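Every chain is numbered from 1, with letters handed out A, B, ... down the list of sequences. Quantities reported herein were computed from a predicted structural model and do not represent experimental measurements.
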2 protein chains.
Amino acid sequence: MGRSGEKSRQGIPYSTVLRLASYLRTLEWLSMLGVTTVSSEELARQVGVNSYLVRKDLSYFGEFGVRGFGYPVGDLIAVLREILDLNRDHYAVLVGVGNLGRALVRYYGFAREGFKLSAVFDSSPRKIGTRFNGHQVRPVGELVDYLRSADPPVELGIITVPAMAAQFVGDLMVVGGVKGILNFSPVRLQVPGHIHLLNVDLVSHLEVLSFYIARERPFSLPAGRSTAG
Amino acid sequence: MGRSGEKSRQGIPYSTVLRLASYLRTLEWLSMLGVTTVSSEELARQVGVNSYLVRKDLSYFGEFGVRGFGYPVGDLIAVLREILDLNRDHYAVLVGVGNLGRALVRYYGFAREGFKLSAVFDSSPRKIGTRFNGHQVRPVGELVDYLRSADPPVELGIITVPAMAAQFVGDLMVVGGVKGILNFSPVRLQVPGHIHLLNVDLVSHLEVLSFYIARERPFSLPAGRSTAG
DNA sequence: TAGATTGTTAATCGATTAACAATC
DNA sequence: TAGATTGTTAATCGATTAACAATC
């Protein structure tokens, strides 16, 4: 599980990385249930992919299974945590303490996986100074300075501001030196190539569901394949 | 995170549907800025894909552009709203009034796009009866009955309960007759094939960022792709 | 061992990219 | 018209699936 035995990481598909996180989540769940061994077949079934893919995904990083037996759950969890670099804390700032922002500040899931909030910002005088979950809201004008002098350093920025302000806040984060941005605003941010950006548009998800539901009406087609897995 | 069903339906790739929502978001933004015409090149640039893909995606549904000219923004918005079936209201129930659930109940973005909350449920006696954003929290025991008799009918279920309860709640929604489920719990739900399921695992997104930051390597997919996949 | 299941190479499939004819 | 840009067909690329040898 150390880096020594790993194969080349060139060209690891984004979809593979996303599935690694899925595998990890499922394995943690199995581990909680007391399961100590799992086959690629069973893990695949639970995640909703096929077993070829599980083995292929893992093979990018090494050999972690036992032939004829399966994968030791605990070991595989450790391996995936290592691969995803989850064996250390990651610090984030969050900007925008609206409904969604407040929810994320209070969300346990992040901290549980080692993602810790370093500080929280907003532009509204009404919100600056108030406290959420132990974090006193700071003025967004202090964001760059904060990021530059933060110790431990802040790697991640979480954007939960309205569309109008998203690009501005993103720019500040980049100037401040974050390495990755999780953007919950519906705006497509423009960021330099070295910044890792993920857009999470909650409304889009509902729209996708809407599309598939609309196409399922009685006359549309012979029963096709399901979107559910 | 990501969709659970990997297959397209009626020959339209899932990734295309997701991009349609992205195009719509960008077009709405352009429209707000007063832009009335946009080329596939410009729209592609803003969304972070290439123009071939924009034209290809739209061509699944018809011809909406003017050669030598581009696309009329207003018309294309109307077309996309029609395709995604957004020209009517969609009703949803939300189960689980924790931090994330409360945020979604209060989130304007959903309603703005025609997704309306029909009712809100929780299992905790401490929360039942309290009000959030005008919705009085109902006991989860009433969920199935509510869904069966709701008028207007409820198509969508949003799950924001802890992992432990997610499958149970999902089962109730299915029994109640929802057509699609947006699952924010980290559990991979098992649902019948006719149910459209999208999993949104917020922690996974951070883990993906962690992976790429650890490698100082850009994504291999279109930068800043929307989630769900 | 024999059966089971991995790890890996090869084949397939489908999405993306490219090219270009149509046409405003 | 001439230049521009769409809509669509063909080529490419890469992820997924399949097959199977390795081996516990």
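- Partners of D89(A) under the side-chain hydrogen bond (donor to acceptor under 3.5 Å, both in side chains) rule, at least two apart in sequence or in another chain, are K116(A).
- Secondary-structure annotation of DNA chain C gives the stems C:3-24 with D:3-24, with a stem taken as at least 3 successive Watson-Crick or G-U pairs whose two distances both fall under 3.5 Å.
- Within the structure, every pair that satisfies the salt bridge (Lys or Arg N to Asp or Glu O under 4.0 Å) test and touches residues 31-46 of chain B, not counting sequence neighbours, is listed here: E42(B)-R45(B).
- Every residue was checked against the ring pair (Phe, Tyr, Trp, His ring centres under 6.0 Å) condition with F184(B), not counting sequence neighbours, and none meets it.
- Y23(A) places a side-chain heavy atom less than 4.5 Å from the side chain of L80(A).
- Applying the salt bridge (Lys or Arg N to Asp or Glu O under 4.0 Å) test to every pair with at least one member in residues 66-75 of chain B, sequence neighbours left out, gives no pairs at all.
- Put simply, the side chain of R81(B) gets close to the backbone of L86(B): a donor and an acceptor are under 3.5 Å apart.
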Enumerate all atom pairs, one protein N or O and one N or O from nucleotides 8-12 of chain D, separated by less than 3.5 Å.
unit_1 : atom_1 : unit_2 : atom_2 : d
dT8(D) : OP1    : E63(B) : OE2    : 3.2

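- The side-chain contact (heavy atoms from CB on, under 4.5 Å) test with F211(B) singles out one residue from L18(A), V17(A), D85(A), and that residue is V17(A).
- Phosphate contact (OP1/OP2 of dT5(C), side-chain N/O of S51(A), threshold under 4.0 Å): absent.
- Within a heavy-atom distance below 4.0 Å of DNA chain D, the residues of residues 70-84 of chain B found are G70(B), Y71(B).
- Residues that satisfy the ring pair (Phe, Tyr, Trp, His ring centres under 6.0 Å) test with F121(B), not counting sequence neighbours, are Y146(B).
- In this entry the distance linking CZ of F64(A) with P of dT23(D) reads 17 Å, nearest Å.
- Closest-nucleotide positions on DNA chain D for T16(A) and G68(A) were compared, and the one nearer the 5' end corresponds to T16(A).
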Enumerate, atom names and distances included, each donor-acceptor pair closer than 3.5 Å involving a side-chain atom of residues 154-176 of chain A, sequence neighbours excluded.
unit_1  : atom_1 : unit_2  : atom_2 : d
E155(A) : OE1    : H90(A)  : ND1    : 2.7
E155(A) : OE2    : R88(A)  : NH2    : 2.8
T160(A) : OG1    : V95(A)  : O      : 3.1
T160(A) : OG1    : G96(A)  : O      : 2.6
Q167(A) : OE1    : Q190(A) : N      : 2.9
Q167(A) : NE2    : D171(A) : OD1    : 2.8
Q167(A) : NE2    : Q190(A) : O      : 3.0

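- Residues from residues 28-41 of chain A placing a heavy atom under 4.0 Å of any atom in DNA chain C, listed by number, are S39(A), S40(A).
- Straight-line distance from the CG atom of D57(A) to the C1' atom of dG14(D): 14 Å, rounded to whole Å.
- For residues 49-58 of chain A, the pairs satisfying salt bridge (Lys or Arg N to Asp or Glu O under 4.0 Å) are R19(A)-D57(A), with sequence neighbours left out.
- For Y107(B), the ring pair (Phe, Tyr, Trp, His ring centres under 6.0 Å) partners are F110(B), not counting sequence neighbours.
- Rounded to a whole Å, the OH atom of Y14(A) is 18 Å from the P atom of dA15(C).
- Within a 6.0 Å radius of OH in Y60(B), other residues, nucleotides and ligands contribute more than 12 heavy atoms.
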Discussion item. Checking R188(B) against S22(A) for the side chain to side chain donor-acceptor pair (under 3.5 Å) test, could you report, in this order, the C-alpha distance in whole Å, the side-chain angles of both residues, the deciding distance, and whether it holds?
Written reply: CA-CA 9 Å; R188(B) 180 70 46 157; S22(A) 265; 3.1 Å; yes
